[in-house]
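Have a look at the structure below before the remarks.
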Amino acid sequence: HGPALFRFPPCLSVCLSAVVVLSEADYVAEVQRQLSNLAHYRNLSSDPLAKILKAVNTLTQSLFKRDVIDYRTKSFLIPHEPRLARLYLLPKIHKPGNPGRPIVSSNGCPTENISLFVDHSDL
């Protein structure tokens with residue numbers, strides 16, 4: 001293999017008392033198969049993190065200046081160590097060939113705390 005953007009660990013999934021072990025090569029092949037479906041995914045020409053962070057900061061600053069949120073809430077909404085979402089797959093053990101179910105983990109994303117705020121506020 002040549003240099004890779006991502007290092008995929010071998011897949012180990014626990015599902016309803018079943019343990020599935022999948023080779024790294026099979027896991028990577030399934031990820032690549034799914035990501036090549038242009039009906040659902042597209043390549044980005046650049047890293048969108050800075051643009052997303054700018055939008056979050058602009059929004060929170062605007063809400064703060066208009067007294068919609070207080071300083072403590074503004075500080076909560078601005079991410080301190082943001083990162084992009086991560087995609088991983090869980091094998092569907094009940095289907096032939098065990099295709100992967102895509103899961104997007106948004107933990108640590110710039111909008112994570114905004115989601116928490118919206119879910120738990122009266123706005």
Side-chain angles (χ1 to χ4, degrees):
H1 295 136
L5 285 173
F6 303 101
R7 177 86 175 125
F8 296 104
C11 180
L12 178 62
S13 177
V14 178
C15 177
L16 300 175
S17 305
V19 175
V20 178
V21 178
L22 192 63
S23 74
E24 181 176 0
D26 289 343
Y27 183 80
V28 170
E30 178 61 14
V31 169
Q32 290 174 339
R33 183 189 72 78
Q34 290 203 19
L35 291 178
S36 67
N37 182 341
L38 298 180
H40 300 288
Y41 301 100
R42 65 182 168 96
N43 288 322
L44 300 177
S45 60
S46 63
D47 183 344
L49 186 59
K51 185 176 180 180
I52 297 167
L53 279 173
K54 183 177 180 180
V56 168
N57 287 332
T58 301
L59 172 67
T60 54
Q61 188 63 30
S62 172
L63 293 172
F64 178 69
K65 283 183 177 179
R66 294 182 313 181
D67 290 324
V68 176
I69 58 174
D70 59 18
Y71 181 80
R72 183 175 174 199
T73 302
K74 177 185 158 213
S75 296
F76 171 75
L77 295 177
I78 296 174
H80 300 287
E81 294 183 30
R83 59 185 183 178
L84 292 175
R86 282 131 348 261
L87 174 93
Y88 64 94
L89 302 179
L90 296 177
K92 296 181 185 180
I93 61 172
H94 60 285
K95 295 207 172 180
N98 305 116
R101 175 184 309 280
I103 306 294
V104 177
S105 172
S106 298
N107 291 36
C109 287
T111 57
E112 179 182 21
N113 288 348
I114 293 173
S115 295
L116 289 170
F117 177 74
V118 170
D119 287 347
H120 300 285
S121 75
D122 295 330
L123 290 180

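These values consider heavy atoms only, across backbone and side chains, with no hydrogens, waters or symmetry-generated copies. Position 1 is the first residue of the sequence; numbering continues from there.
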pair Pro102-His40: side-chain heavy atoms closer than 4.5 Å
no
Closest heavy-atom contact between Glu30 and Gly100?
OE2-N, 3.0 Å
Are Ser75 and Phe64 close enough that some pair of their side-chain heavy atoms sits under 4.5 Å apart?
no
So does Asn43 have more than 12 non-hydrogen atoms from other groups sitting under 6.0 Å from CG?
no
Please check: side-chain N/O of Tyr88 versus main-chain N/O of Ser105, any donor-acceptor pairing under 3.5 Å?
no
Hey, quick one: are Leu44 and Ile52 part of the same hydrophobic cluster, counting side-chain heavy atoms closer than 4.5 Å, chains of contacts allowed?
no
Enter the distance from Gln61:CD to Arg66:CZ here, rounded to the nearest 0.5 Å.
11.5 Å
Check for me, please, whether Tyr71 and Phe76 land in the same ILVMFWY cluster - side-chain distances under 4.5 Å, paths through other members count.
yes
Is it possible for you to say whether Leu38 and Val104 belong to one hydrophobic cluster, with membership spreading through side-chain heavy-atom contacts below 4.5 Å?
no
Nearest heavy-atom pair of Ala85 and Cys109: which atoms, and what distance?
N-SG, 3.3 Å
How far does OG1 of Thr60 sit from NZ of Lys65, to the nearest 0.5 angstrom?
10.5 Å
Supply the atom-to-atom distance Leu59 CG to Ile114 CD1, rounded to the nearest 0.5 angstrom.
5.5 Å
Mind listing the closest non-hydrogen atom pair of Phe117 and Ile69 along with its distance?
CZ-CG2, 4.0 Å
Nearest heavy-atom approach of Pro110 to Leu49 is CG-CD1, 3.5 Å
Closest non-hydrogen atom pair between Leu77 and Val56, with its separation
O-CG1, 3.9 Å
Rounded to the nearest 0.5 Å, how far does OG1 of Thr58 lie from CG of Leu63?
11.0 Å
Flag the pair Pro79 / Glu112 as yes when at least one side-chain heavy-atom distance between them is below 4.5 Å, and no otherwise.
no
Between Ala39 and Asn37, what is the shortest heavy-atom contact and its length?
N-OD1, 2.9 Å
Arg101 versus Ile103: any side-chain heavy-atom pair under 4.5 Å?
yes
Output yes when a side-chain donor or acceptor of Arg86 lies under 3.5 Å from a complementary backbone atom of Leu84, and no otherwise.
yes
